[in-house]
Amino acid sequence: MSLFQNFVIIMILIAGAGFLSLSEIALAGSRKVKLKILAEAGDERAQKVLDLQENSADFFAASQIGLNAVAILGGILGEAAFRPYIVNFVERVYQGPWTQAIGFSLSFTVVTSLFILFADLMPKRMAMIAPEKIAISVINPIQIFIKICKPLALFINAIANLLFRLFKVNTTREDNITFDDISAVMDAGAQAGVLQKQEHHFIENVFELEERNVHSSMTTRENVVYFTINESEDSIRQKLANFPFSKYLVCSENIDQVIGYVDAKDILIRILNNQKFNQLNESTIRTVLTIPDTLTLSEVLDRFRSSKEKFAVVFNEYALVVGVITLSDIMITVMGDWVTPTEEDVQIIKRDNNSWLIDGSTPIEDMQHALAIDEMPDDENYETLAGFMMYKLRKIPRPADTVIFGGYKFEVVDVDHFKIDQLLVTRLLDIESDPAPLED
């Protein structure tokens, strides 16, 4: 055959090998989530790709049979076709005993380079760009190729399975998706501009509901406004005016003797209709949802959904009320910084780029977000910034007590009846952070 004919045959072999390489990477790299979306949209080829991924042994065996057969045949034909011409070229510039060896080496290098570039490297890189699109485009011819190679593929797979069992190699593919996988996808989506900044923020907060406990979002005991069963109408009117909430606990004598709750709407309707009431009664008091303080926000959300309630009272292990929580509190946690709180509700005030005034009751997760701190030490032992200070200092803090951690200095500014009201947090720019507490 002429050089041109040999070259055409080699190009055909390279094209066949490139097609197999392209198909192998595309079918292996296609994401099941995208394929399922395409299959649900009615694309039968996407379902064929999913089926092939579930039983990929025959495909990979057929692919390797084709690739190796083409590579060997291409090497034999290419070396025989190109070597005489290369030897003639070498003899023009070099006359010696190594002429044939040099011709063989150069012809082998040329053929190998052509296969590496056009049958391996470029097809695989192209397949990685859009694996799902390419996979559904090649699935039909690949299935025909698998049927052609089926007898030999069965034999090769039988030997491979025997060796896997012999060496106890688990060949089952695990497709479990972890939070880290989802987080990585979200980060990639945000960087690519698919997810907006606020959407990325919301999704992260939703996943945090499983980790954050009820203490991080509830209204704490000392801030709960409640009515007693015998409370006067004037007192109720005054609380409604001073604390315009939608729901109020109703207790017997103190906050730990919970009877139920009332909806402000029911009371306001009676007031607007000029109806007098001397005390709260069964017609206005509703059964309140009670939950333990050990629940996560995700579990609280499930309780709200199953009970059809939006308001719950939180008890600790001693049957004492530690706070109340509403569905709105959880939604505010999800919305995070995108919710504009009233001035009195702001718990973290940024003074400048390196200092913050933070309320002691601020949930530790909110403080971590504000200061960009990834991890806190032994965070299972506290839930608020005040708890962190008490844990590190090993005592009831006093004003000017200081803890240095993670490149920040946490200084107690105000203490009211043993309760840490406010802290000044300062970023340390030139001082090495030390996790050990310092006391002033």
Side-chain angles (χ1 to χ4, degrees), residues 33 176-191 194-221 223-224 245-247 249 261 288-317 321-342 345-348 358-388 391:
V33 174
N176 296 331
I177 298 177
T178 65
F179 170 74
D180 292 335
D181 297 330
I182 299 174
S183 180
V185 171
M186 290 191 304
D187 291 338
Q191 292 175 5
V194 177
L195 283 178
Q196 296 182 11
K197 182 178 179 181
Q198 62 267 35
E199 293 172 335
H200 187 209
H201 180 77
F202 297 159
I203 295 171
E204 280 189 333
N205 286 345
V206 168
F207 280 107
E208 282 189 4
L209 294 181
E210 191 64 42
E211 300 177 358
R212 298 182 65 159
N213 56 32
V214 66
H215 290 270
S216 66
S217 296
M218 71 179 186
T219 301
T220 54
R221 176 188 178 99
N223 295 317
V224 174
F245 302 135
S246 60
K247 295 174 177 61
L249 276 184
Y261 78 95
V288 67
L289 176 64
T290 59
I291 59 174
D293 64 348
T294 54
L295 296 184
T296 64
L297 291 181
S298 178
E299 291 172 324
V300 175
L301 199 57
D302 287 337
R303 297 291 179 90
F304 282 148
R305 183 169 56 248
S306 61
S307 66
K308 309 299 182 184
E309 288 287 348
K310 299 179 181 179
F311 177 80
V313 58
V314 185
F315 285 89
N316 64 12
E317 60 184 310
V321 173
V322 294
V324 296
I325 188 168
T326 67
L327 183 59
S328 296
D329 294 330
I330 299 178
M331 293 301 101
I332 289 173
T333 300
V334 173
M335 300 294 284
D337 298 336
W338 295 90
V339 175
T340 304
T342 58
D345 291 335
V346 175
Q347 291 185 304
I348 302 176
I358 305 181
D359 193 281
S361 62
T362 302
I364 204 69
E365 294 89 352
D366 293 345
M367 185 273 293
Q368 285 181 253
H369 279 304
L371 304 184
I373 297 176
D374 293 331
E375 293 184 6
M376 296 295 289
D378 305 320
D379 54 2
E380 69 278 1
N381 294 298
Y382 47 86
E383 291 150 359
T384 65
L385 183 54
F388 165 72
Y391 177 77

Next item on the list: Test I373 against M367 for side-chain contact (heavy atoms from CB on, under 4.5 Å), laying out the working first.
Entry: CA-CA 8 Å; I373 297 176; M367 185 273 293; 4.1 Å; yes
Margin query: Pair F304, L289 - check side-chain contact (heavy atoms from CB on, under 4.5 Å), show working.
Written below: CA-CA 8 Å; F304 282 148; L289 176 64; 3.8 Å; yes
Next item on the list: Carefully, step by step, assess I325 and I291 under the rule side-chain contact (heavy atoms from CB on, under 4.5 Å).
Entry: CA-CA 10 Å; I325 188 168; I291 59 174; 4.0 Å; yes
Margin query: Set out, in order, the CA-CA distance, both residues' side-chain angles and the distance that settles side-chain contact (heavy atoms from CB on, under 4.5 Å) for V322 and F315, then state yes or no.
Written below: CA-CA 6 Å; V322 294; F315 285 89; over 6 Å; no
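Of the inter-residue distances, the one linking I348 atom CD1 with L371 atom CG reads 7.0 Å to the nearest 0.5 angstrom. The distance from atom OG1 of T219 to atom CG of D329, rounded to the nearest 0.5 Å, is 5.0 Å. For the atom pair Q368 CD and L385 CG, the distance stands at 10.5 Å (nearest 0.5 Å). Here the CG atom belonging to D293 is positioned 7.5 Å from the CD atom belonging to E317, to the nearest 0.5 angstrom. Note that the CG atom of L301 and the CG atom of L327 stand 6.5 Å from one another [nearest 0.5 Å].
Shortest non-hydrogen contact noted between T296 and E210 is CG2-O, 3.5 Å. Between S216 and P363, the closest heavy-atom pair is O-CG, 2.9 Å. Closest approach of L297 to V214, counting heavy atoms only: CD2-CA, 3.9 Å.
No side-chain N or O of T362 forms a donor-acceptor pair with one of D359 less than 3.5 Å apart.
Under the rule for a ring pair (Phe, Tyr, Trp, His ring centres under 6.0 Å), the partners of Y382 that lie at least two apart in sequence or sit in another chain are F388, Y391.
Here the rule is side chain to side chain contact (heavy atoms under 4.5 Å, CB included) with I364, and of E383, M376, H215 only M376 fits it.
A 4.5 Å side-chain heavy-atom check between V300 and R212 finds every atom pair outside the cut-off.
Summarising the local packing, NZ of K247 is surrounded by more than 12 heavy atoms from other residues, nucleotides or ligands at distances under 6.0 Å.
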